[in-house]
Amino acid sequence: MLLKKEKISKIVKILRKDYPDTKTALGYESAFQLLVAVILSAQCTDARVNMVTPVLFAKYPTPQKMAKANLEDIETIIKSTGFYHAKAKSIVTTAQILTEDFNGEVPDNMNDLLKLRGVARKTANVVLSDFFKKTEGVVVDTHVKRVSYRTGLTNNTAPVKVELDLMKKLPKQDWLWAGNAFVWHGRKVCDARKPKCSLCSITKICPKNGVKNSI
DNA sequence: CTCCCGATAT
DNA sequence: ATATCAGGAG
């Protein structure tokens, strides 16, 4: 069941009060470091990523240095984030592409970001919104997907379709904010296993109120 | 669609 | 023991 426009704007209004100024919990000091941190955050908590990035960035702070890194050394450092073979290859290859094709700079547009290794729409949207303050879409991760589905903002589960639904239903000026706000709501309240509906400020207008299942 | 994969909560 | 964690490549 999809929600009507009025309910959607009501949900947005309430969540905006709960999460007025959200941003990523990932630690970084440059666009490159944010990009690497987001790649590492796949199927892994931000807290875990933040345990390894200080070590990683102390040794390989720039694309130039990361591009020459030894793969096994990277794997050792990032191992606890999971998927470490693929992630190590992704961040080193991405660093190489950045130094060779982008003058060592992280591109500020979706088209170029998608040329990097281990970077698809979700990662690109996080870098675009959190660092460049640009909005070419809505960040859709597992939390945004779940919150959007449960609240009736989408009937889809495929991330690309969820993103299209959100872009269609939310005014563009809310895109940047919504992605982060839904992530925080999904973490703190509307979590996958045991949603805290009794603590949720939109529980009364949520069609999935009380439904414990994930999607 | 499957595979990648360790840490943590339940 | 199992589900889940700011997904992406083949």
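These numbers were taken from a predicted model, which means no experiment stands behind them. In what follows, chains carry the letters A, B, and so on, assigned in the order in which the sequence lines appear, proteins first and then strands, with residues in each chain numbered from 1.
The C1' atoms of dC4(B) and dC5(C) are separated by 14 Å, rounded to the nearest whole Å. Spacing of P atoms, dA6(C) relative to dT10(B), comes out at 13 Å, to the nearest Å.
No contact: Ser90(A) has no heavy atom under 4.0 Å from any strand. Residue-level contact check: Lys122(A) touches the bases, meaning some heavy atom is under 4.0 Å from a base atom. Here Arg117(A) lies in heavy-atom contact (under 4.0 Å) with sugar-phosphate atoms only. Using a 4.0 Å heavy-atom cutoff across all strands shown, Val139(A) reaches at least one base atom of the nucleic acid. At the heavy-atom level, Val38(A) lies nowhere under 4.0 Å from the strands shown.
Nearest-nucleotide assignment on DNA chain C puts the 5′-proximal partner with Asp130(A), out of Asp130(A) and Lys89(A).
Note: CD1 (Ile97(A)) to C1' (dA9(C)) measures 13 Å, nearest angstrom. Computed from coordinates, the Leu40(A) CG to dA7(B) C1' distance equals 15 Å when rounded to whole Å. Rounded to an integer number of Å, the gap from CZ of Arg121(A) to P of dA6(C) is 21 Å. Atom CG of Leu26(A) is separated from atom C1' of dC5(C) by 12 Å (rounded to the nearest Å). Residue Arg146(A) contributes atom CZ, which lies 9 Å from atom P of dA6(C) at whole-angstrom precision. Rounded to an integer number of Å, the gap from OH of Tyr84(A) to P of dC3(B) is 17 Å. In this entry the distance linking NE2 of His85(A) with C1' of dC3(B) reads 13 Å, nearest Å. Taking atom CD1 on Ile39(A) and atom C1' on dA9(C), their separation rounds to 13 Å, with Å as the unit.
Applying the 4.0 Å criterion to OP1 and OP2 of dC5(C), one finds that Arg48(A) has every side-chain N and O outside that range. Of the side-chain N and O atoms in Thr142(A), none sit less than 4.0 angstrom from OP1 or OP2 of dA6(C).
Side-chain atoms of Ser80(A) and base atoms of dA7(B) include no donor and acceptor less than 3.5 Å apart.
In this pair, Phe83(A) lays its aromatic ring flat on the base of dG7(C), centres within 5.5 Å and planes under 30 degrees apart.
In this structure, Arg187(A) contributes its side chain and His143(A) its backbone to no donor-acceptor pair below 3.5 Å. A donor-acceptor pair is defined here as one N or O able to donate and one able to accept, closer than 3.5 Å; such a pair exists between the side chain of Thr81(A) and the backbone of Ile78(A).
Each of Asp165(A), Leu166(A), Leu164(A) was evaluated against Val162(A); a single residue qualifies, Leu166(A), per the side-chain contact (heavy atoms from CB on, under 4.5 Å) test.
The line from CG of Asn70(A) to CD of Glu75(A) is 8.5 Å long, rounded to the nearest 0.5 Å.
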